[in-house]
Number of protein chains: 2
Amino acid sequence: MAKQNRTRFALLGLLASESLTGYEMKKKIDGSLNHFWKISFGQIYPTLNVLVEAGEVEGEEENGSTRYKLTEAGRMALTDWLRQVPEELPVQKNELLLKLFFSRHEDHRETIKKLEKHEQLLTARLKVYQQIESSLMESCGSSPDLTYWLLTVRHGIAVTKAGLDWCRQSITFMKEWKR
Amino acid sequence: MAKQNRTRFALLGLLASESLTGYEMKKKIDGSLNHFWKISFGQIYPTLNVLVEAGEVEGEEENGSTRYKLTEAGRMALTDWLRQVPEELPVQKNELLLKLFFSRHEDHRETIKKLEKHEQLLTARLKVYQQIESSLMESCGSSPDLTYWLLTVRHGIAVTKAGLDWCRQSITFMKEWKR
DNA sequence: CGTTTATTATATCAATTAGATACTATCAAT
DNA sequence: ATTGATAGTATCTAATTGATATAATAAACG
């Protein structure tokens, strides 16, 4: 494990604009971050506690729940982290490709089934991304985040389209390969 | 954590064609699987031990090292797993997109730097994938795995090209957005 | 208005994973 | 002969996953 708790920067980033409860963070993560930075809910409170202990975040009781907000130390930690240029491409785990890699050990019709399911899943994901793009443009016109958020969702759209094209070509190929 | 040790199926898959030492598995993982199914070296021997205890693999001492081979139970476990159609798309963690998402909190020139670095990394990755594709076609012409391995590397090529296009468009946009 | 379901909010935990580190033996290069 | 690389095996700490648990409040329903 990289001895760098990267999830803490994701939480610091979420708090950069406003204070939030842990549960509100979960909702924001579910609606946006999880498309490109999956965080398990079970990690949020432990990580928040680490951030409070590190003095980068402070929690304020309010109507029976705790709202967390960035401290100055937290803002600097976020800025320092943001400035670092990532030196590595994303780590990826793809079950379909793993199975594809071993697919000579099964009937090719099973392979086609998997590819067809994958096509469905990608199609649904593409719709979601396109809806996100539309709603961002409709409802965030004046947000300083808009430009950057659009960039991330357009990345998702581009990569999902490419995956779909590959998938469809692969299905076609497989169907013709072993008639 | 998903209560399913998915790494064990990757190891079973590697052993489907031939017996291997743990270190040989590491090398095969480094040269192929790690492009779409990252496995930490620290996981290989513990997982092999689990597979031996489960009776799906057996180890044979040979010239001072242990070669592992699939048992009939292991072959059936692999076949059962292969048949299952993945119901979910890949889990992804992308540090660049995470930082992009929060980039309104820093100068846009820093953002351009990251995108440019990302372009370099994707360009290098694309070259690697294209070399893999070429060498597969040159040297595995009669292998029953060839078709499937080509499908996986072509997925990587397609997705990497899409990411590169997005990256270049994003750089262009950022440079023109805030002159 | 009482009951049921959903949401909000917080927490814990076992299993898995990541990646570093350690050790030994043999082989290749100098 | 010495040094560095490879082959081979192993352990460990920290982080993560995703399930599960609990409780309070709000919304929906009969």
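To find a chain, count down the sequence lines: A is the first, B the second, and so on, and within it residues start at 1.
Salt-bridge check for B:Glu24 with B:Lys28: failed, with every basic side-chain N at 4.0 Å or more from each acidic carboxylate O. Between A:Glu116 and A:Lys175, at least one side-chain nitrogen of the basic residue sits less than 4.0 Å from a carboxylate oxygen of the acidic one, meeting the salt-bridge criterion. The pair B:Lys26-B:Asp30 counts as a salt bridge, with a side-chain nitrogen and a carboxylate oxygen less than 4.0 angstrom apart. Salt-bridge check for B:Glu106 with B:Lys114: passed, with a basic side-chain N closer than 4.0 Å to an acidic carboxylate O.
Nearest-nucleotide positions on DNA chain D place B:Gln43 closer to the 5' end than the other of B:Gln43 and B:Lys93.
Base-pair partner of C:dA22: D:dT9 (Watson-Crick or G-U wobble, both distances under 3.5 Å).
At whole-Å resolution of the value, CG in B:Asn63 and P in C:dA25 are 16 Å apart. A:Lys38 places its NZ atom 9 Å from the C1' atom of D:dG18, with the value rounded to the nearest Å. For the pair A:Leu51 CG and D:dA15 P, the interatomic distance rounds to 12 Å; values are reported in whole Å. The CH2 atom of A:Trp37 sits 8 Å away from the P atom of D:dT16 (whole-angstrom rounding). If you take CZ of A:Phe9 and C1' of D:dT16, they are 16 Å apart, rounded to a whole angstrom. As rounded to whole Å, 11 Å separates atom C1' of D:dG18 from atom CD of B:Glu88. Rounded to whole Å, the distance from CG on A:Leu20 to C1' on C:dT8 is 14 Å. Atom-to-atom, CD1 of A:Ile44 to C1' of C:dA11 comes out at 12 Å; the value is rounded to the nearest Å.
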Produce the list of close N/O pairs, under 3.5 Å, pairing protein atoms with atoms of nucleotides 6-10 of chain D; give distances to one decimal.
| residue | atom | partner | partner atom | Å |
| --- | --- | --- | --- | --- |
| D:dA7 | OP2 | B:Tyr23 | OH | 3.4 |
| D:dT9 | OP1 | B:Thr66 | N | 2.8 |
| D:dT9 | OP1 | B:Thr66 | O | 3.4 |
| D:dT9 | OP2 | B:Gly22 | N | 3.1 |
| D:dT9 | OP2 | B:Tyr45 | OH | 2.8 |
| D:dT9 | O5' | B:Tyr45 | OH | 3.4 |

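No donor-acceptor distance shorter than 3.5 angstrom exists from the side chain of A:Thr21 to the backbone of A:Arg67, with no hydrogens or angles considered.
Taking 4.5 Å as the limit, some side-chain heavy atom of B:Lys27 sits within range of a side-chain heavy atom of B:Tyr23.
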